[in-house]
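If you read the sequence from its start, that first residue is 1, and numbering goes on from there.
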Amino acid sequence: MIVYSNNKINRAAHLRNKSDKFLKAEVIPIWKENVFLSKDDPSAPAIRLNRNISDDFPMYFLGVEGNVEIWCQDLSFLSIYHACEYVKASTTLPLLDSEPVWIRKAYKVLGNYDSGLVALGIGVSNWNRNNRNCGTCGGLTKMADKGYLRICKNCEKKIYPQFESIVVFLLEHIDKNGIKSCLLQQTPVKNGLLVSCLSGFVEIGETLEDAVKREAREETGLEIKDVRYIESQPWPFPSGLMTGFSALATDKNFTLDRSEVPDAAWYTQSELTQGISNGRIKVSRGDSIARRMIYKWLEK
Ligand SMILES: [Zn+2]
């Protein structure tokens, strides 16, 4: 399961413009891209607060679980110390750490469901925090639809959440003997190399496939074909959507744009497997789509 994607909560979008409240509600507090974890309940480690806490800080609707509304509360306007004090004072559960934990570490203990839910809360909070002014007239905006719309107080423009679209692609080459290799960017780390797929932002006026071809050409000088969708991943840190592709390079002679990709190399499946097993090669972080794509390629 791709990390941050398994958020099966009923988002109940029809409730976003309704003011009537459910009888029960729970609130997941977050601080920037960090979540508060409970020491006592490893099966549901993300701290949830009772709804009737202070609404001094922004609250965003995430959806419903049965007959319980789930919200998140963004404490990013507080110092980390005051955010922790606020959460400690609002729950009887002891915190796992004295401070909230970065989502990209916490996902390991949160499990699929909660990591997706917390990522949604972080993404909605990031978007609201970063859109307090209207892009058209500069006026202040106000939140509507429980966090999924902002309206300019001056010109009344409606602003909906927008994403940065990023393509992540695994470039493969198959030689005349059928030997497969893939081109990975690499960075020196202690005792070895950290490898990952190539990637880039989709530009205005491009399809996703066009973006893969352009980025491959710009970063490596390679012409590619057979661009194929693999899977996608929400990446609300702060507001991205990752889309993974495979593609075939017609030859292996690349020329790097070192301002974008400082180093890269072709790896056969056996070279990569061996490098990983002897610890010389580390693959990008466990929550990344690039890591999944690389390991899937090794299984092909
Ligand atoms: Zn405006």
Side-chain angles (χ1 to χ4, degrees), residues 1-13 26-38 41-48 58-65 70-76 96-97 100-131 146-148 160-170 194 196-202 208 229-246 282-297:
M1 191 64 67
I2 197 156
V3 182
Y4 313 123
S5 72
N6 191 35
N7 173 15
K8 298 283 190 258
I9 193 168
N10 173 7
R11 295 186 180 221
E26 293 177 354
V27 179
I28 299 172
I30 58 143
W31 185 81
K32 297 185 180 174
E33 292 181 352
N34 304 269
V35 60
F36 297 85
L37 299 178
S38 153
D41 191 352
S43 66
I47 290 267
R48 294 185 179 201
M59 304 255 283
Y60 307 114
F61 180 63
L62 302 184
V64 295
E65 290 175 353
I70 308 299
W71 293 69
C72 89
Q73 186 164 42
D74 182 12
L75 304 178
S76 307
L96 181 66
D97 287 302
V101 183
W102 188 32
I103 179 70
R104 295 199 64 193
K105 286 184 178 168
Y107 82 92
K108 291 177 189 168
V109 292
L110 285 171
N112 287 331
Y113 179 83
D114 263 12
S115 60
L117 193 58
V118 170
L120 167 62
I122 287 172
V124 176
S125 301
N126 280 344
W127 177 75
N128 277 276
R129 218 181 310 121
N130 292 332
N131 285 276
K146 297 178 182 169
Y148 295 82
Y160 293 94
Q162 294 176 343
F163 308 107
E164 290 158 349
S165 190
I166 300 139
V167 287
V168 182
F169 52 100
L170 192 135
L194 176 69
S196 188
C197 296
L198 299 167
S199 63
F201 287 101
V202 182
L208 299 170
Y229 171 77
I230 300 177
E231 61 185 347
S232 62
Q233 181 181 34
W235 196 258
F237 319 123
S239 61
L241 174 66
M242 303 273 192
T243 312
F245 289 89
S246 64
K282 293 165 180 62
V283 182
S284 50
R285 294 182 75 103
D287 59 346
S288 67
I289 189 172
R291 184 185 179 93
R292 267 172 70 87
M293 286 164 53
I294 291 168
Y295 275 92
K296 274 189 178 176
W297 179 75

Separation of Ser115 OG from Leu120 CG (nearest 0.5 Å): 11.5 Å
Residues Cys72, Ser125; criterion side-chain contact (heavy atoms from CB on, under 4.5 Å); working and verdict: CA-CA 8 Å; Cys72 89; Ser125 301; 3.5 Å; yes
Shortest non-hydrogen contact between Ser288 and Arg285, atoms and distance: OG-O, 2.7 Å
Spacing of CD1 belonging to Ile47 relative to OG belonging to Ser38, to within rounding of 0.5 Å: 4.5 Å
Heavy-atom donor-acceptor pair, Tyr148 side chain to Val124 backbone, under 3.5 Å: no
Main-chain N/O of Pro236 paired with Ser239 side-chain donor or acceptor, under 3.5 Å: no
Heavy-atom pair with the smallest gap, counting every atom of Met293 and Gly244: SD-CA, 3.8 Å
Beyond-backbone contact of Phe36 with Leu75, side-chain heavy atoms, under 4.5 angstrom: yes
Flag, side chain of Arg291 to backbone of Val283, donor-acceptor distance under 3.5 Å: yes
Side-chain (Ser232) to main-chain (Thr243) donor-acceptor, under 3.5 angstrom: no
Close side-chain approach of Gln162 to Asn131, heavy-atom, < 4.5 Å: no
Exam field: side chain Gln233 to backbone Val3, donor-acceptor pair closer than 3.5 Å: yes
Side chain proximity check, Glu26 to Ile28, heavy atoms < 4.5 angstrom: no
Interatomic spacing from CD in Glu33 to NZ in Lys105 - rounded to 0.5 Å: 13.5 Å
pair Ile9-Tyr113: side-chain heavy atoms closer than 4.5 Å: yes
Any Lys296 side-chain heavy atom under 4.5 Å of Leu170 side chain: no
Option from Arg48, Lys108, Lys8 for which salt bridge (charged side-chain N to carboxylate O under 4.0 Å, His left out) with Asp114 holds: Arg48
Gap separating the OG atom of Ser199 from the CD1 atom of Ile166, nearest 0.5 angstrom: 7.5 Å
Non-hydrogen atoms of Ile294 and Ser196 that approach each other most closely: CD1-CA, 4.0 Å
Note, Ile230 side chain near Ile289 side chain (heavy atom, < 4.5 Å): no
Pair Tyr4-Asp287, side-chain donor/acceptor within less than 3.5 Å: yes
Spacing of Phe169 atom CZ and Ser246 atom OG [to the nearest 0.5 Å]: 11.5 Å
Spatial distance of atom CD1 (Ile103) from atom CG (Leu110) [nearest 0.5 Å]: 5.0 Å
